[in-house]
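When reading the values below, keep in mind they use all heavy atoms of this one structure, side chains included, and skip hydrogens, waters and symmetry mates. Start at 1 and go down the list; that is how both ligands and their atoms are numbered. Owing to the predicted nature of the structure, the values given are computational and were not obtained by experimental measurement.
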Amino acid sequence: MALKNQYLIDLLETVKKRNQGEPEFIQAVTEVLETLEPVAEKRQDLIDAGVFERIVEPERQIIFRVPWVDDNGKVQVNRGFRVQFNSAIGPYKGGLRLHPSVYLGIIKFLGFEQVFKNSLTTLPMGGGKGGSDFDPKGKSDGEVMRFCQSFMTELCKHIGADTDVPAGDIGTGAREIGFMFGQYKRLRNEFTGVLTGKGLTYGGSLTRTEATGYGLCYFTNEMLQANGKSFEGQTVVISGSGNVAIYATEKATQYGAKVVALSDSNGYIHDPDGIELDIVKQIKEVERGRIKEYCDRTSHKNATYTEGCKGIWTIKCDIALPCATQNEIDGESAAILVKNGTYCVSEGANMPSTPEAIETYLSNGVLYGPAKAANAGGVATSGLEMSQNSERLSWTFEEVDAKLHGIMKEIFKSCDEAAKEYGMAGNYMAGANIAGFLKVAEAMKAQGCV
Ligand code: NDP
Ligand code: 2IT
């Protein structure tokens with residue numbers, strides 16, 4: 001989908017010039033500007049207020065040194081990031097990614113996406129993202145703790161419960177959040193909801209662990225039902241085997257689907273009889289092991305393991321839920337999915353589909369649930385954790401789960417309605433970008449040139 005609006009063409013050129021060497025960020029901005037074309041045509045007032053120019057530029061970007069000492073007494077140095085993208089509708093909010101592939105362009109694309117996603121949740125949260133090129137894999141608990149403490153020693157100068165509230169993402173789970181929270185509390189001498197995804201004994205919210213995966217299935221279920229389909233009896237392929245993938249598997253199975261594949265960065269398992277999730281939880285959540293080990297433990301005789309990630313998309317399925325990482329489905333994989341009869345792709349990961357893959361879904365009538373909408377359940381529940389922390393109360397699992405479910409239904413409705421209003425019925429990606437954008441844009445216009 002090429003841009004036709006000259007104003008947006010010029011703006012995209014500026015973004016490309018200004019952010020050279022950051023292809024993921026340019027990819028994310030391109031997709032959004034393309035779908036905002038009908039809004040730009042209709043809303044000269046937002047152009048006059050410079051909203052488009054301002055929304056593609058982060059309000060603040062912080063890059064810092066993270067020195068720590070490994071178990072051999074050797075000094076290690078990583079690079080830390082926090083990109084505070086947009087605070088028009090609330091404090092910056094978004095996760096921290098710990099993965100060796102992290103550099104500024106990854107954090108910027110994630111922060112940019114977060115602005116629209118958080119807007120869609122209906123809760124008052126701005127967008128931000130952070131992380132480091134630190135790799136928690138293969139590190140001892142002591143090393144992870146020393147890294148997290150050093151990271152927070154700098155980060156604590158820039159965040160706060162009313163300023164910027166980080167959370168988990170790839171490589172950042174309950175253990176890392178615990179170490180970071182402890183260090184923040186020690187340095188600032190305050191016990192506040194400065195991070196979400198906290199443990200249940202110190203301010204965490206019930207359902208936060210499950211929220212992204214469950215929310216993905218709640219959203220997908222709405223999308224399926226609106227198109228006369230359901231999860232019942234369907235074969236589902238899910239990539240990844242981390243937090244999002246595990247709880248997406250759990251909820252899809254509760255909805256009556258059969259999940260037949262999961263993966264990690266080394267390879268994928270295919271279990272035609274349906275994945276035994278307890279085994280995966282033990283391997284991944286308790287032992288921090290590899291998905292390969294599943295085949296040695298399941299009683300299902302037909303389960304197989306294959307090296308490499310991409311092959312997972314050649315498994316025949318009705319519904320695909322990518323829950324690992326960005327650009328994991330390219331045009332070629334999308335074409336194979338379509339050929340195999342997959343009629344729904346809904347995104348747990350952030351930006352898992354390349355532009356070519358999205359084009360393939362849309363031109364073949366695949367129901368496509370875009371990440372900003374489909375995986376917003378995690379940050380939405382983080383927002384609910386912030387509310388509980390502010391009122392110093394904690395709600396029951398059922399209460400939080402019901403709120404999460406209501407929010408995901410509302411998000412689907414907004415995407416559906418915005419797509420229809422702007423003449424792109426059924427294009428939930430356009431709907432998500434437009435609905436997410438408009439709320440932030442109105443707030444930016446009202447607050448003047450800041
Ligand atoms: P985890 O760290 O818990 O799990 C990540 C999973 O994806 C692991 O199985 C990992 O395998 C795999 N993976 C990571 N990088 C790659 C890669 N480059 N190639 C192939 N596989 C990879 O992270 P989450 O489950 O929390 O996050 C998964 C996705 O969901 C990310 O895109 C994240 O941004 C997104 N997301 C997360 C939310 C949350 O609340 N946690 C909320 C919304 C979106 P391995 O163990 O081998 O690295
Ligand atoms: O991408 C995401 O939305 C997250 N990693 C969750 C962010 C959050 O603040 O809970």
Exercise. Pick out which of N118, T196, T121 makes a side chain to side chain donor-acceptor pair (under 3.5 Å) with K93.
Key: T196
Quiz item: Hey, which of F219, F412, Y368 is the one that makes ring-ring contact (aromatic ring centres under 6.0 Å, His included) with Y428?
Solution: F412
Check this for me, if you would: do [X] and [Y] make a salt bridge, where the nitrogen-to-carboxylate-oxygen distance has to be below 4.0 angstrom?
X: R175; Y: D141; value: yes
X: D71; Y: K139; value: no
X: E154; Y: K157; value: yes
X: E250; Y: K281; value: yes
X: K108; Y: E24; value: no

Which of the atoms of ligand 2 are close to [X], meaning less than 4.0 Å from one of its heavy atoms?
X: A167; answer: 8 (C), 9 (O), 10 (O)
X: G168; answer: 4 (C), 5 (N), 6 (C)
X: S382; answer: 8 (C), 9 (O), 10 (O)

Quiz prompt | Cationic tip of K185 above F191 ring, under 6.0 Å, 45° of axis | solution = no
Quiz item: Can K129 be said to sit on top of F85's aromatic six-ring, NZ or CZ under 6.0 Å from centre and within 45° of the ring axis?
Solution: no
Quiz item: Where's the contact between T212 and ligand 2, heavy-atom distance under 4.0 Å: side chain, backbone, both or neither?
Solution: neither
Any idea which protein heavy atom is nearest [atom], and the distance to it?
atom: atom 23 (O) of ligand 1; result: I170 CA, 3.4 Å
atom: atom 12 (C) of ligand 1; result: A324 CB, 4.0 Å
atom: atom 32 (O) of ligand 1; result: N350 N, 3.2 Å
atom: atom 9 (O) of ligand 1; result: S241 N, 2.9 Å
atom: atom 7 (C) of ligand 2; result: G95 N, 3.5 Å
atom: atom 18 (N) of ligand 1; result: T325 CG2, 3.6 Å
atom: atom 2 (O) of ligand 1; result: G171 N, 2.9 Å
atom: atom 6 (C) of ligand 1; result: G242 N, 4.0 Å

Please report whether ligand 1 has a polar contact with [X], defined as an N or O pair separated by less than 3.5 Å (distance criterion only).
X: V244; answer: yes
X: R290; answer: yes
X: K137; answer: yes
X: N243; answer: yes
X: D169; answer: yes
X: G378; answer: no

Exercise. Mind checking whether C323 contacts ligand 1 via backbone (N, CA, C, O), side chain (CB onward), both or neither, at a 4.0 Å heavy-atom cut-off?
Key: backbone
Quiz item: Is it true that Q114 lies under 4.0 Å from ligand 2, counting heavy atoms only?
Solution: yes
Those atoms of ligand 1 less than 4.0 Å from some heavy atom in [X]:
X: G348; result: 30 (O), 35 (C), 36 (N), 44 (C)
X: R208; result: 40 (O)
X: G240; result: 9 (O)
X: S263; result: 9 (O)
X: A349; result: 29 (C), 30 (O), 32 (O), 35 (C)
X: T212; result: 38 (C), 39 (C), 40 (O), 42 (C), 43 (C)
X: R97; result: 31 (C), 32 (O), 33 (C), 34 (O)
X: C309; result: 20 (C)

Does [Y] offer a backbone N or O that forms a donor-acceptor pair with the side chain of [X] under 3.5 Å?
X: R65; Y: N78; result: no
X: S346; Y: L321; result: no
X: S205; Y: R208; result: no
X: E328; Y: T325; result: yes
X: S263; Y: G240; result: yes

Exercise. May I ask you to check whether N350 has an N/O atom sitting below 3.5 Å from an N/O atom of ligand 2?
Key: yes
Exercise. Check each of S382, S265, G197 against atom 20 (C) of ligand 1 and report the one with the nearest heavy atom.
Key: S265
Quiz item: For atom 6 (C) of ligand 2, which candidate among K129, K93, K117, R208 holds the nearest heavy atom?
Solution: R208
Ring centroid separation for [X] and [Y], is it under 6.0 angstrom?
X: Y343; Y: Y361; value: no
X: Y305; Y: Y294; value: no
X: W68; Y: F134; value: yes

Exercise. Answer yes or no for H99: is there a heavy-atom contact with ligand 1 below 4.0 Å?
Key: yes
Quiz prompt | Criterion side-chain contact (heavy atoms from CB on, under 4.5 Å) against C317, the qualifying member of I238, T342, N340 | solution = T342
